[in-house]
Amino acid sequence: MNETRLRPSPISATVDFAAEGVQHGFLRLPYSRDDSAWGSVMIPITFVRNGKGPTALLTGGNHGDEYEGPIALFDLARSLKPEEVSGAVIIVPAMNYPAFLAGSRTSPIDKGNMNRSFPGRPDGTVTEKIADYFQRTLLPMADIVLDFHSGGKTLDFLPFCAAHILPNKQQEQKAFDFVTAFAAPYSMKMLEIDAVGMYDTAAEEMGRIFITTELGGGGTATAKSAAIAKRGVINVLRHAGIVAGAVDTGPTTWLDMPDGRCFSFAEEGGLIEAVIDLGDVVTEGAVIARIYPTGRTGEAPREIRAAMDGILCARHFPGLVKPGDCVAVMATVTS
């Protein structure tokens, strides 16, 4: 570990992680700026501890324009009682708090993408300092990590809970057991385009059980997607033995992302027409979207075709695309 990583974090918690009971406080990060010379970024946190048992780290707002996680976690933070808990629960509804307040994927302060900033730096940007605190303080405390995501303003997903294929098969199986317990309408064996710098990767490399979600998108939450998140987080706590009660199971469809053929990208910009909708079944070679050039009329659209059999599990959300945008994601149904 280099000298930078050994420096103390500038973040201080106003909650006591050794204390019993429930505490609502902040992760305070000093941030000197034009309108507040000795100001701070104040990231809300709730900590609940009661007796012995596992510790769950529950996070939302890793990207600031994804709302199911913050809704479920702000609700849980106000309602979870110490007497209901055996162990500890750390609730951070909005990890990248500046991005959350701005309603943007990345931080308005430094343009930092929290989910590409791990392990972070204690002397780095605001986003890197937050990542460093999670890496060195919160993740080591946790046994199970649930990080909520959805598509934000640029993607829309089938509602699923997911975990990754891992070298450690025991760790992998435990993660997929938690995915089952979450009981989203869909459950995914997830493939990442690029896992470098991700919160997921940081947790998994530390041996933590990590699960995540994609619960819709379009830069908003629906009543249905918020309800999935609320039910899922309680199911995870019950499966972990932290909260008593039976897991509220429901039917789920298992999906797999076997390789890079799942992803389709735009090579030109333009106006996108969806030819199929989320959940529709497609065969390899079928047209899934068209991109119309917008500089003049009379031009034929560029067709985006499926590179594999499967169903559409994600799509580009805004009506206009740029070269390089992910326009569609396919998955195979496994059960």
Side-chain angles (χ1 to χ4, degrees), residues 17 47-60 62 68-69 72-73 76 80 84-92 95 115 118-119 134-149 159-192 195 198-215 228-258 331-335:
F17 293 118
F47 181 69
V48 185
R49 180 184 289 282
N50 184 41
K52 296 186 180 299
T55 295
L57 174 56
L58 311 174
T59 53
N62 189 322
E68 285 82 1
L73 295 181
L76 181 68
L80 187 63
E84 298 172 330
V85 169
S86 297
V89 182
I90 306 166
I91 305 172
V92 185
M95 285 176 72
N115 216 27
F118 281 81
F134 272 81
Q135 178 86 32
R136 290 199 286 167
T137 301
L138 297 184
L139 282 176
M141 295 170 57
D143 299 293
I144 167 69
V145 182
L146 166 57
D147 186 40
F148 281 101
H149 285 266
F160 64 75
C161 184
H164 300 106
I165 303 298
L166 300 173
N168 184 324
K169 294 306 173 183
Q170 183 178 15
Q171 180 186 8
E172 175 190 296
Q173 185 57 56
K174 288 180 179 179
F176 281 117
D177 288 345
F178 272 99
V179 171
T180 300
F182 189 98
Y186 294 86
S187 298
M188 177 75 79
K189 293 182 179 180
M190 196 167 186
L191 174 68
E192 302 290 351
M198 293 185 71
Y199 182 43
D200 317 37
T201 306
E204 289 161 352
E205 288 180 348
M206 294 174 68
R208 274 44 189 178
I209 306 305
F210 183 92
I211 63 171
T212 187
T213 68
E214 297 290 357
L215 296 178
I228 293 168
K230 287 183 178 184
R231 185 182 78 157
V233 70
I234 290 296
N235 276 346
V236 165
L237 294 177
R238 286 173 174 168
H239 181 71
I242 296 172
V243 169
V247 171
D248 182 11
T249 58
T252 190
T253 299
W254 277 91
L255 305 175
D256 187 17
M257 297 169 65
T332 58
V333 177
T334 60
S335 65

Please tell me if the side chains of L58 and V92 come closer than 4.5 Å, counting only heavy atoms from C-beta onward. no
Find out whether F47 and I91 are in side-chain contact, i.e. whether some heavy atom of one side chain is under 4.5 Å from a heavy atom of the other. no
Where do F178 and F210 land on the ring pair (Phe, Tyr, Trp, His ring centres under 6.0 Å) test, with the steps shown first? CA-CA 9 Å; F178 272 99; F210 183 92; over 10 Å; no
Crowded around K169 NZ? As in, over 12 foreign heavy atoms under 6.0 Å? yes
Rounded to the nearest 0.5 angstrom, the OG1-CZ distance for T201 and F118 is 10.0 Å
For residues A163 and A175, report the shortest heavy-atom separation together with the two atoms involved. CB-CB, 3.8 Å
Do the non-hydrogen side-chain atoms of P185 and I228 ever get within less than 4.5 Å of each other? yes
Correct closest heavy-atom pair for L146 and V236 would be CD2-CG2, 4.2 Å
Shortest non-hydrogen contact between E192 and D200, atoms and distance: OE2-OD2, 3.8 Å
So, do V85 and L80 sit near enough that their side-chain heavy atoms are less than 4.5 Å apart? yes
Please name the pair of heavy atoms, one in P140 and one in F134, separated by the smallest distance, quoted to 0.1 Å. CD-O, 4.0 Å
If you define the side chain from C-beta out and look only at heavy atoms, does anything of F160 sit under 4.5 Å from L215? no
Exercise: do T59 and D147 side chains pair donor with acceptor under 3.5 Å: yes
Quick one: are P258 and T332 in side-chain contact, heavy atoms under 4.5 Å? yes
Determine yes or no for a side-chain-to-main-chain donor-acceptor pair under 3.5 angstrom, with N62 supplying the side chain and N115 the backbone. yes
Does D143 use its side chain to pair, donor to acceptor, with the backbone of P54 at less than 3.5 Å? no
Between A56 and L237, which heavy-atom pair has the shortest distance, and what is it? CB-CD2, 3.7 Å
Taking side chain as C-beta onward, heavy atoms only, is Y199 less than 4.5 Å from Q135? no
Got a second to check how far T55's OG1 is from R208's CZ, nearest 0.5 Å? 10.0 Å
Can any side-chain N or O of R238 pair as donor or acceptor with the backbone N or O of V247 at less than 3.5 Å? no
Can you tell me if S187 uses its side chain to pair, donor with acceptor, with the backbone of W254 under 3.5 Å? no
Test H164 against E204 for side-chain contact (heavy atoms from CB on, under 4.5 Å), laying out the working first. CA-CA 9 Å; H164 300 106; E204 289 161 352; 2.7 Å; yes
Output, in order, the C-alpha distance, side-chain angles, deciding distance and verdict of side-chain contact (heavy atoms from CB on, under 4.5 Å) for M190 and E214. CA-CA 10 Å; M190 196 167 186; E214 297 290 357; 4.0 Å; yes
Keeping to residues at least two apart or across chains, list the salt bridge (Lys or Arg N to Asp or Glu O under 4.0 Å) pairs with something in residues 239-256. R231-D248
Can you tell me how far CD1 of I209 sits from CD of Q171, rounded to the nearest 0.5 angstrom? 5.0 Å
Restricting to non-hydrogen atoms, name the atom on I242 and the atom on A88 that form the minimum distance, rounded to 0.1 Å. CD1-O, 4.0 Å
Measure the shortest side-chain to side-chain distance between T213 and F182 over non-hydrogen atoms and say whether it is less than 4.5 angstrom. yes
Taking the side chain from E172 and the backbone from I165, do they hold a donor-acceptor pair closer than 3.5 Å? no
Distance in Å, N235 CG paired with C161 SG, rounded so as to fall on 0.5 Å steps: 10.0 Å
Point-to-point distance, once rounded to the nearest 0.5 Å, from CG of L138 to CE of M95: 8.5 Å
In this structure, CZ of F176 is separated from CD1 of I211 (nearest 0.5 Å) by 10.5 Å
By side chain to side chain contact (heavy atoms under 4.5 Å, CB included) - contacts of A142 (at least two apart): L57, V145
